[in-house]
Asks: 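What follows is a single structure, and I will ask about it in a moment.
Worth saying up front: this structure is predicted, and the values here are computed from it rather than measured.
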Protein chains: 2
Amino acid sequence: MTKKSADPANGGAPAAGPAARQVPMRDFSRSLPMSLLRAREAVMRQFRPSLREHGLTEQQWRILRALASIEAVEVTELARTAFLLGPSLSRILRDLEARNLIERKTAKADQRRSVVSISKDGVKLMASVAPTSEAIYAEITRRFGARKLAELQEMLGELERSLAGLGASEEASPEE
Amino acid sequence: MTKKSADPANGGAPAAGPAARQVPMRDFSRSLPMSLLRAREAVMRQFRPSLREHGLTEQQWRILRALASIEAVEVTELARTAFLLGPSLSRILRDLEARNLIERKTAKADQRRSVVSISKDGVKLMASVAPTSEAIYAEITRRFGARKLAELQEMLGELERSLAGLGASEEASPEE
DNA sequence: CGGAGATACTTAACATGTTAAATGAATGCG
DNA sequence: CGCATTCATTTAACATGTTAAGTATCTCCG
């Protein structure tokens, strides 16, 4: 029932492998992507059970939250806001609409665009999830420290900005 | 051909939606999970094209890197090292084995366990990817700053530790 | 006006994330 | 020894990530 708790009881046989240690690289587990991944997972692990009880995935919750604060949006802008790729968003909107949590209508001016908004049921669902969610966030803030949290987010933003437009489209070397 | 380049030109019509703004919450886009997600994406966006050229996904690359530094490991420990869930790892190992990038054998002492190691082909592939990968990492470090990078990783580690064992298994309320 | 090109979104196809269940093998205990 | 339990790994099922292709619509220019 508890976690699997690391088992260091294999300190005996090294069990040599066919071909390893040929390519030197930074310590894998200390790379920036891994640090970010683990940190995010540590955070999300706190929220998932609560969301699950309400039949929501992390991404569905993101979409509802985004919609709750902006009246109505076009799909493309929603994708940017909720940080989802078009295809993912497309599928999720289809499902959320089937569950009557959102509503959509095509824009009058441009038949290509569809405008999405949260429904009454969606608002009700949010109201039932938000308190727990906020409590969890508050606990995380308490444990880590509000000040440090703000600092961390500031650094994350800086990181983002410092990489903006690096691999966008202007990299040389189109060989291949 | 270029990317879609953010378009902030919609500051005009609010376009009222059926039911929004009922549930007040923190600004969605500034939540910790979103910050972490965006930061990680900004980083990974740099690596994916290069990996893709070599026919590797991010996770496959993680596994090869993990294997390259530890001779041989059991699947469970590899999952912990590469930070992958069992099912994902299972599938990926099946594919990597079919591509002859890894090798596996069942442990003599315990028929349930299987021991995985990188193959010669795997090492060769790593050798062909590692330089580019290191160069990208170096550029990221240069842009963001080595000092700040270290600070950031320290904070991420702290965050992880401060949340360790929160939603692990000792939460009350087994009501279902 | 009409068709080439751009846009907004959706589908398709494949890989992974996530949880639950299944399978096969070891362990402990009566 | 026999069998319930535990353990390591895999399979299943569903949801999302990711890239490419498809569809419908709009725009613009000749």
Side-chain angles (χ1 to χ4, degrees), chain A residues 1-7 9-10 37-38 40-41 44-45 47-49 51-53 55-63 73-80 82-99 104-116 167, chain B residues 1-5 7 9-10 37-38 40-41 44-45 47-49 51-53 55-63 73-80 82-99 104-116 167 176:
Chain A
M1 197 63 70
T2 67
K3 329 181 26 180
K4 34 185 166 309
S5 74
D7 168 14
N10 62 341
L37 181 58
R38 278 197 300 250
R40 185 174 141 81
E41 178 54 29
M44 287 315 301
R45 197 195 316 283
F47 291 98
R48 261 190 286 267
L51 292 178
R52 194 157 210 295
E53 280 180 20
L56 287 175
T57 65
E58 175 195 335
Q59 292 83 355
Q60 292 168 346
W61 178 236
R62 284 221 297 275
I63 291 176
V73 265
E74 294 172 6
V75 171
T76 300
E77 197 195 330
L78 181 55
R80 201 162 44 231
F83 208 70
L84 290 169
L85 293 179
S88 296
L89 182 54
S90 206
R91 282 175 305 213
I92 299 173
L93 289 180
R94 165 168 48 70
D95 299 348
L96 290 179
E97 188 176 21
R99 288 166 64 183
R104 64 204 309 186
K105 54 185 181 181
T106 23
K108 294 177 282 293
D110 188 337
Q111 297 292 115
R112 293 170 306 179
R113 294 171 143 84
S114 101
V115 176
V116 184
Chain B
M1 194 63 71
T2 69
K3 14 184 335 193
K4 35 185 166 301
S5 76
D7 169 16
N10 62 340
L37 181 58
R38 279 197 300 251
R40 184 173 142 81
E41 179 53 28
M44 286 315 300
R45 196 195 316 283
F47 291 98
R48 260 190 286 268
L51 292 178
R52 192 155 211 296
E53 279 179 21
L56 288 175
T57 66
E58 177 195 334
Q59 293 81 357
Q60 292 167 346
W61 177 235
R62 285 222 297 276
I63 291 175
V73 264
E74 294 173 5
V75 172
T76 299
E77 196 196 331
L78 181 56
R80 202 162 42 230
F83 208 70
L84 291 169
L85 293 177
S88 296
L89 183 54
S90 206
R91 282 176 303 214
I92 300 174
L93 289 180
R94 164 168 50 70
D95 299 347
L96 291 181
E97 188 177 20
R99 288 166 64 183
R104 63 203 312 185
K105 53 184 182 183
T106 26
K108 292 177 283 292
D110 188 338
Q111 296 293 113
R112 293 171 305 181
R113 294 170 144 86
S114 102
V115 177
V116 184
E176 171 69 26

Asks: Taking any heavy-atom pair under 4.0 Å as a contact, classify A/Ile92: base, sugar-phosphate, or nothing.
Replies: sugar-phosphate
Asks: So what does A/Arg91 hit on the nucleic acid, given a heavy-atom distance under 4.0 Å: a base, only sugar-phosphate, or nothing?
Replies: base
Asks: Sub-3.5 Å donor-acceptor pair from the side chain of B/Arg104 to the main-chain atoms of B/Ser114, do we have one?
Replies: no
Asks: Rounded to the Å, how far apart are B/Arg80 CZ and D/dA8 C1'?
Replies: 12 Å
Asks: As a test of reading the structure: which of D/dC26, C/dT18, C/dC9 is closest to the side chain of A/Gln111, going by heavy atoms?
Replies: D/dC26
Asks: Categorize B/Leu84 for me: base, sugar-phosphate, or nothing, with a 4.0 angstrom heavy-atom threshold over every strand shown.
Replies: sugar-phosphate
Asks: I want to check something: taking the side chain as every heavy atom from C-beta on, are B/Glu41 and B/Arg48 in contact at a cut-off of under 4.5 Å?
Replies: yes
Asks: Check every strand shown and say whether B/Ser88 touches a base, only sugar-phosphate, or nothing at a heavy-atom separation below 4.0 Å.
Replies: base
Asks: For the pair B/Glu77 (side chain) and B/Glu74 (backbone), establish whether a donor and an acceptor sit closer than 3.5 Å, ignoring hydrogens and angles.
Replies: no
Asks: Of all the nucleotides listed (D/dT10, C/dA13, C/dA8), which has the minimum atom distance to the side chain of A/Thr76?
Replies: C/dA8
Asks: Considering only side-chain heavy atoms of A/Arg112, which listed nucleotide, D/dG17, C/dT7, C/dT18, is closest?
Replies: C/dT7
Asks: Of the nucleotides C/dA20, C/dG17, D/dC7, which has the atom closest to the B/Pro87 side chain?
Replies: C/dA20
